[in-house]
Amino acid sequence: MSQEKVDRYKQEKTNRKKIMRKQRIMSVVRKCVLTLAGLALVGWLGYSAYDMYESGRERAVAEVNYDAVTNYVNSLTEETSVE
């Protein structure tokens with residue numbers, strides 16, 4: 001082996017714990033990022049499916065009779081115009 005390889009090996013051997021710790025941390029970070037991306041994908045798919053389901057359902061329609069309010073407003077305007 002050349003001297004350069006020997007020096008590199010010695011340096012790697014002295015820093016082996018730091019290197020292995022760094023690799024473990026990067027592995028955990030990579031797994032966390034992939035897990036978050038997977039959860040986001042599943043959440044998005046679930047939300048989209050629910051939205052499609054809700055859009056296909058028929059909505060209840062309520063009718064409101066405003067005759068009493070209209071009569072009241074008309075009576076107020078008639079009173080102000082009479083005065």
Side-chain angles (χ1 to χ4, degrees):
M1 279 205 253
S2 67
Q3 188 62 34
E4 187 178 306
K5 286 183 181 180
V6 171
D7 290 340
R8 190 174 43 203
Y9 175 76
K10 285 181 182 180
Q11 185 180 11
E12 186 178 304
K13 189 174 180 183
T14 57
N15 294 329
R16 190 168 289 160
K17 285 184 182 180
K18 286 169 88 176
I19 293 169
M20 290 179 68
R21 184 172 182 265
K22 191 174 187 180
Q23 287 176 346
R24 271 184 270 143
I25 289 172
M26 290 305 293
S27 175
V28 168
V29 168
R30 191 177 306 116
K31 287 177 185 176
C32 288
V33 168
L34 289 175
T35 301
L36 288 174
L39 287 173
L41 180 66
V42 168
W44 177 66
L45 288 173
Y47 175 76
S48 296
Y50 178 75
D51 191 40
M52 293 281 287
Y53 171 74
E54 284 295 317
S55 67
R57 288 180 47 191
E58 201 170 305
R59 290 183 173 76
V61 178
E63 292 185 24
V64 179
N65 188 350
Y66 288 108
D67 289 340
V69 175
T70 306
N71 292 337
Y72 175 70
V73 172
N74 287 337
S75 69
L76 287 177
T77 55
E78 287 174 4
E79 287 178 10
T80 58
S81 64
V82 171
E83 294 175 355

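Judged purely by atom type and a 3.5 angstrom limit, N71 uses its side chain to pair as donor or acceptor with the backbone of D67. In terms of modelled atom types and a separation under 3.5 Å, the side chain of S48 and the main chain of L45 share no donor-acceptor contact. Between the side chain of T70 and the backbone N or O of Y66 there is at least one donor-acceptor pair closer than 3.5 Å.
A donor-acceptor pair shorter than 3.5 Å can be found between the side chains of Q3 and D7.
From T77, atom OG1 reaches atom OH of Y72 across 11.0 Å, with rounding to the nearest 0.5 Å. Here the CZ atom belonging to R16 is positioned 8.0 Å from the CE atom belonging to M20, to the nearest 0.5 angstrom. Between atom CD of residue Q11 and atom CD1 of residue I19 there is a gap of 8.0 Å, rounded to the nearest 0.5 Å.
Partner of L39 under the side-chain contact (heavy atoms from CB on, under 4.5 Å) criterion, chosen from V42, L41, T35: T35.
The shortest distance between side-chain heavy atoms of K5 and R8 falls below 4.5 Å. Contact check for C32 versus V28: side-chain heavy atoms found under the 4.5 Å cut-off.
Both V33 and I25 are members of a single hydrophobic cluster when ILVMFWY side chains are connected at heavy-atom separations under 4.5 Å.
A 6.0 Å sphere centred on CD of E54 holds more than 12 heavy atoms belonging to other residues, nucleotides or ligands.
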